[in-house]
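Read the structure below first, then the notes.
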Amino acid sequence: KQEVTQIPAALSVPEGENLVLNCSFTDSAIYNLQWFRQDPGKGLTSLLLIQSSQREQTSGRLNASLDKSSGRSTLYIAASQPGDSATYLCAASMNYGGATNKLIFGTGTLLAVQP
Amino acid sequence: DGGITQSPKYLFRKEGQNVTLSCEQNLNHDAMYWYRQDPGQGLRLIYYSQIVNDFQKGDIAEGYSVSREKKESFPLTVTSAQKNPTAFYLCASSFGGGGSGEQFFGPGTRLTVL
């Protein structure tokens with residue numbers, strides 16, 4: 001059974017600091033891994049999608065890496081800003097039978113960037 | 001603007017009452033999903049649909065029902081059989097149910113049982 005774990009559960013950093021969020025999964029047979037951002041009481045915003053054949057993806061100050069062999073993904077945020085404060089979720093896409101995939105979610109890392 | 005809309009934003013249910021949550025998308029996506037989010041837990045899949053007039057149970061389908069009569073719409077009914085329905089409900093869609101399609105999410109509906 002696929003399990004997705006995110007460490008740390010919460011993180012507080014001063015503005016301007018670079019930071020890394022960690023995501024680990026138990027089954028390496030994934031199709032892709034998605035990183036999402038969730039603001040309080042809001043839906044999920046997709047940040048980055050890494051296909052299983054890729055090693056990393058970049059978007060602005062965000063860089064996500066994927067190491068299937070070790071079952072790990074990291075989200076790197078450069079020069080953090082107070083507006084980055086949110087919960088960050090990772091999700092691994094697994095086959096759910098037939099032609100359907102489903103996302104297995106971690107419980108998230110709550111990030112607070114202090115001005 | 002393309003996207004996924006959910007309504008209402010907040011919903012209150014009395015004991016023994018059925019309620020329906022709306023999910024609409026104009027992204028021309030084939031696949032649609034319903035998830036439930038509880039504090040301290042990851043999102044869990046309730047139902048999914050890969051194509052119009054077809055849907056399948058997810059991991060926690062008991063007490064819920066869905067329909068997929070139109071490509072754009074995937075409403076979720078929370079029935080009185082769902083014993084603990086208070087949660088945040090999220091709808092998502094993707095171009096395909098399989099492969100490596102990226103899922104996009106709506107803003108969510110918060111359901112509270114009175």
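Naming convention: chains lettered A, B, ... in sequence-line order (proteins, then strands); numbering from 1 in each chain. Worth saying up front: this structure is predicted, and the values here are computed from it rather than measured.
Linking Ile, Leu, Val, Met, Phe, Trp and Tyr whenever their side-chain heavy atoms come within less than 4.5 Å leaves A:Phe105 and A:Leu48 in two separate clusters. The hydrophobic clustering, which links ILVMFWY residues whose side-chain heavy atoms are closer than 4.5 Å, places A:Leu110 and A:Val113 apart. The hydrophobic clustering, which links ILVMFWY residues whose side-chain heavy atoms are closer than 4.5 Å, places B:Val113 and B:Leu11 apart. Hydrophobic clustering of Ile, Leu, Val, Met, Phe, Trp and Tyr side chains at less than 4.5 Å, counting indirect connections, keeps B:Phe105 apart from A:Leu62. There is no path of hydrophobic side-chain contacts, each under 4.5 Å, that joins A:Tyr88 to A:Leu44.
Contact tally against chain A (heavy-atom pairs below 4.5 Å) for B:Gly40, B:Cys91, B:Gly108, B:Gly42: the top residue is B:Gly42.
If you measure heavy-atom distances from B:Leu43 to chain A, the contacts under 4.5 Å come from both the backbone and the side chain. Using a 4.5 Å cut-off between heavy atoms, B:Gln103 contacts chain A through both its backbone and its side chain.
Considering NZ of B:Lys9 and NZ of A:Lys42, their distance stands at 4.0 Å, rounded to 0.5 Å. Expressed to the nearest 0.5 Å, how far CD1 of A:Ile104 lies from CG of B:Asp59 amounts to 6.5 Å. How far CD of B:Gln37 is from OG1 of A:Thr87: 8.5 Å, rounded to the nearest 0.5 Å. Atoms OG and CZ, from A:Ser46 and B:Phe104 in turn, are 5.5 Å apart once rounded to the nearest 0.5 Å.
Around CZ of A:Arg61, the count of heavy atoms belonging to other residues, nucleotides or ligands within 6.0 Å exceeds 12. By the 6.0 Å contact criterion, CZ on B:Arg44 is enclosed, its count of non-hydrogen atoms from other residues, nucleotides or ligands being greater than 12.
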Quick one, A:Leu103 with B:Tyr35, criterion side-chain contact (heavy atoms from CB on, under 4.5 Å). Give me CA distance, side-chain angles, the key distance, then yes/no. CA-CA 10 Å; A:Leu103 291 178; B:Tyr35 293 89; 3.9 Å; yes
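Here the closest heavy-atom approach between residue A:Gln38 and residue B:Leu90 is recorded as NE2-CD1, 4.3 Å.
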